[in-house]
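Any value given below was found using the heavy atoms of this structure, including those in side chains, with hydrogens, waters and symmetry copies removed. Just so you know, these numbers come straight off a predicted model, no measurement behind them.
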Amino acid sequence: MARTIPAAIQAHLNGGSLTLAFCMKVKRRDATVMTFTDHDVSIDADIGDGDGSLSYQPNLSFVSRSSVKTGSHMDVDSGDAEAVLDSASISEEDLIAGIYDDATIWAFLINWASPGDGIIKLRK
């Protein structure tokens, strides 16, 4: 499946200097929403999922690893993404209690210099 990239972001990618930030949105099954970015200041963005514009906070540090398994015709059968979030807003007690089980996580790139240009969806 081809990834759709908004024209303004594509123009930015085709330019000489990139101002991209990685962002993550975590929505727990109790509807609590947490937002993170690896940029040094907050970024307001609407990712088009019905929650409107949210402020992605600059408190994300992560180490990520992803893998994709392909079928016999090089089509994607499944994929995994792993990330370690380091945030004071996520407690060990909450993790042990399972309140993040079945959470929905969005990962995307955004032009922090022009967030209204749209996003590049990486994973949901």
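- Here the shortest heavy-atom pairing between A113 and P115 reads C-CD, 3.8 Å.
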Next on the checklist: Set out, in order, the CA-CA distance, both residues' side-chain angles and the distance that settles side-chain contact (heavy atoms from CB on, under 4.5 Å) for F36 and I90, then state yes or no.
Outcome noted: CA-CA 12 Å; F36 309 94; I90 299 175; 4.0 Å; yes
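- Annotation for W112: hydrophobic cluster partners, listed by chain and number, are V33, I43, I47, L54, Y56, W106, F108, I110, I119 (ILVMFWY side-chain heavy atoms under 4.5 Å, direct or chained).
- Atoms NZ and OG1, on K124 and T104 in that order, are 6.0 Å from each other to the nearest 0.5 Å.
- Listed by chain and number, the residues in a salt bridge (Lys or Arg N to Asp or Glu O under 4.0 Å) with D44 amount to none (sequence neighbours excluded).
- P58 is listed as a side-chain neighbour of T37, based on a closest heavy-atom distance under 4.5 Å.
- No donor-acceptor distance shorter than 3.5 angstrom exists from the side chain of S42 to the backbone of S55, with no hydrogens or angles considered.
- Within the structure, no pair that satisfies the salt bridge (charged side-chain N to carboxylate O under 4.0 Å, His left out) test touches residues 6-22, not counting sequence neighbours.
- Every pair passing salt bridge (charged side-chain N to carboxylate O under 4.0 Å, His left out) that includes a residue from residues 93-106 is listed here, sequence neighbours excluded: R29-D102.
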Under 3.5 Å, side-chain donor or acceptor atoms of residues 13-27 against the rest of the protein: list the pairs with distances, not counting sequence neighbours.
unit_1 : atom_1 : unit_2 : atom_2 : d
N14    : OD1    : Q10    : NE2    : 3.0
N14    : ND2    : Q10    : O      : 3.3
T19    : OG1    : H12    : NE2    : 3.4
T19    : OG1    : N111   : OD1    : 2.5
K25    : NZ     : D49    : OD1    : 3.4
K25    : NZ     : D49    : OD2    : 2.3
K25    : NZ     : D51    : OD2    : 2.4
K27    : NZ     : D51    : OD1    : 3.2
K27    : NZ     : D51    : OD2    : 3.2

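- Legend: residues meeting side-chain hydrogen bond (donor to acceptor under 3.5 Å, both in side chains) with S114, ordered by chain and number and at least two apart, are D117.
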